[in-house]
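Order of listing sets the numbers, starting from 1, for every ligand and every atom in it. Worth knowing before you read on, the calculation uses all heavy atoms, side chains too, and leaves out hydrogens, waters and symmetry mates.
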Amino acid sequence: MPGLEVERRRLVEALKAMGFIRSPKVERAMLAVPRELFVPSEYRAMAYDDRPLPIGHGQTISAPSVVARMTELLDPDVGDRVLEVGTGSGYQAAVLAEIVAPTGAPRESWGHVWSIERIPELAEWARGNLERAGYSDRVTVVVGDGSLGLPEHAPYDGIMVTAAAPSVPPPLLEQLRVGGRLVAPIGDRWAQRLVVVEKTPQGVRVSEDIDVVFVPLVGRYGWSD
Ligand code: SAM
């Protein structure tokens, strides 16, 4: 859609001015990934408003400021293996992929993103979005209960949970490598705080960031519906 690159750049500049984007790698990734390909067609004109948008099935694509903040907190690097819980539209997964496997970088240097979604129809839609945006070889979308993680590809350098959990699901901590980092919205069903967990040889180091509102993580280590 003509003109959206200008809007994308304007949004990125605003997110930088507000402090949500701090690093060149997150700036580059958010400039590279076309968010308009990850929102339902009727919301395309709002793709560069800093707000969450409905994606069907009662779910949302997160606001760009929250995507930026969570990506900064996770701080992934080229070559990392990252797990995302809650694929939704696939947009956050694409932003992560653009950092761990940058477009144009040698493929030998590429890391990978695995993303789990519990709603099969959303997983299928996200796969299509990722394909059209050019990320299908860097992101693998799996259907399942992401509160159990994805043990077959563990350990991960980074794990990002993009649905609200009552506490950090123990399987995710087990699947994080020592030195790795997990970012998740933790709290009750209606309000949460972003929590960063670093896995150290001695145990874990936990810190808290901004208040957020996410749809619930529904699963064994989340909510029941
Ligand atoms: N990261 C997404 C994006 O970029 O569009 C937005 C995620 S949306 C706020 C939360 C998603 O988590 C929803 O699609 C929801 O179906 C999914 N979800 C909730 N519980 C889940 C679980 N246990 N395992 C996997 N996905 C889950």
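- For the atom pair Glu36 CD and Asn129 CG, the distance stands at 11.0 Å (nearest 0.5 Å).
- Side-chain atoms of Tyr156 come within 3.5 Å of backbone atoms of Leu150 as a donor-acceptor pair (strictly under, hydrogens ignored).
- For ligand 1, one of its N or O atoms has an N or O atom of Gln92 under 3.5 Å away.
- The backbone N or O of Trp190 sits less than 3.5 Å from a side-chain atom of Asp188, completing a donor-acceptor pair.
- Looking at atom 24 (N) of ligand 1, its nearest protein heavy atom turns out to be Gly146 N, 2.8 Å.
- The 12-atom threshold is exceeded at CZ of Arg132, counting heavy atoms of other residues, nucleotides or ligands nearer than 6.0 Å.
- In this structure, Leu217 and Pro169 approach most closely via the heavy-atom pair CD2-CG, 4.1 Å.
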Test salt bridge (Lys or Arg N to Asp or Glu O under 4.0 Å) on Asp145 and Arg220 and set out the steps.
CA-CA 7 Å; Asp145 176 6; Arg220 169 77 177 79; over 6 Å; no
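- Between Leu172 atom CG and Lys199 atom NZ the span is 10.5 Å, to the nearest 0.5 Å.
- In this comparison of Arg220, Arg118, Met70, the heavy atom closest to atom 25 (C) of ligand 1 sits on Arg118.
- Using a 4.0 Å heavy-atom cutoff, Val95 is absent from the residues neighbouring ligand 1.
- Ser147 places a side-chain N or O within 3.5 Å of a backbone atom of Tyr221 that can act as its donor or acceptor partner.
- Interface of Glu84 with ligand 1, defined as ligand atoms under 4.0 Å from a residue heavy atom, comprises 1 (N).
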If you apply the rule salt bridge (Lys or Arg N to Asp or Glu O under 4.0 Å), what do you find for Arg177 with Asp80, and how did you get there?
CA-CA 11 Å; Arg177 81 163 167 81; Asp80 279 0; 5.5 Å; no
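- Atoms of ligand 1 lying under 4.0 Å from at least one heavy atom of Ile116, given by number and element, are 25 (C), 26 (N).
- Under the 4.0 angstrom criterion for non-hydrogen atoms, Ala93 is not in contact with ligand 1.
- Put simply, CG on Leu130 and CZ on Arg138 are 10.0 Å apart, with the number rounded to the nearest 0.5 Å.
- Remark: distances from the non-hydrogen atoms of His57 to ligand 1 are all 4.0 Å or more.
- Under 4.0 Å from ligand 1, heavy atoms of Glu117 appear from its side chain as well as its backbone.
- Counting heavy-atom neighbours within 6.0 Å of Arg189 CZ, excluding the residue itself, gives a total above 12.
- Looking at ligand 1, you won't find any N or O of Val85 less than 3.5 Å from one of its N or O atoms.
- In the vicinity of Ile119, heavy-atom distances shorter than 4.0 Å reach the ligand 1 atoms 16 (O).
- Residue contact check: Thr162 has heavy atoms under 4.0 Å from atoms 1 (N), 7 (C), 8 (S), 9 (C), 10 (C) of ligand 1.
- Distance from atom 23 (N) of ligand 1 to its nearest protein heavy atom, with residue and atom name: Val218 O, 2.7 Å.
- Taking a cut-off of under 4.0 Å to the non-hydrogen atoms of Thr60, the atoms of ligand 1 that pass are 6 (C), 7 (C), 8 (S), 9 (C).
- Among all heavy-atom pairs drawn from His112 and Val100, the shortest one is N-CG2, 3.9 Å.
- Below 4.0 Å from some heavy atom of Ser89 lie the following atoms of ligand 1, by number and element: 3 (C), 4 (O), 5 (O).
- Checked against a 3.5 angstrom limit, the closest N/O atoms of Phe214 and ligand 1 fall outside it.
- At least one heavy atom of Pro216 lies less than 4.0 angstrom from ligand 1.
- Judged by distance alone, the side chain of Gln59 and the main-chain N or O of His57 form a donor-acceptor pair under 3.5 Å.
- Closest protein heavy atom to atom 13 (C) of ligand 1: Gln59 OE1, 3.2 Å.
- The nearest protein atom to atom 12 (O) of ligand 1, hydrogens excluded, is given as Gly86 CA, 3.2 Å; this is a heavy-atom distance.
- Considering both main-chain and side-chain atoms, Leu122 never comes within under 3.5 Å of ligand 1 through any nitrogen or oxygen pair.
- Near Ile61, meaning under 4.0 Å from one of its heavy atoms, ligand 1 places the atoms 5 (O).
- Near Asp145, meaning under 4.0 Å from any of its heavy atoms, are these atoms of ligand 1: 22 (C), 23 (N), 24 (N).
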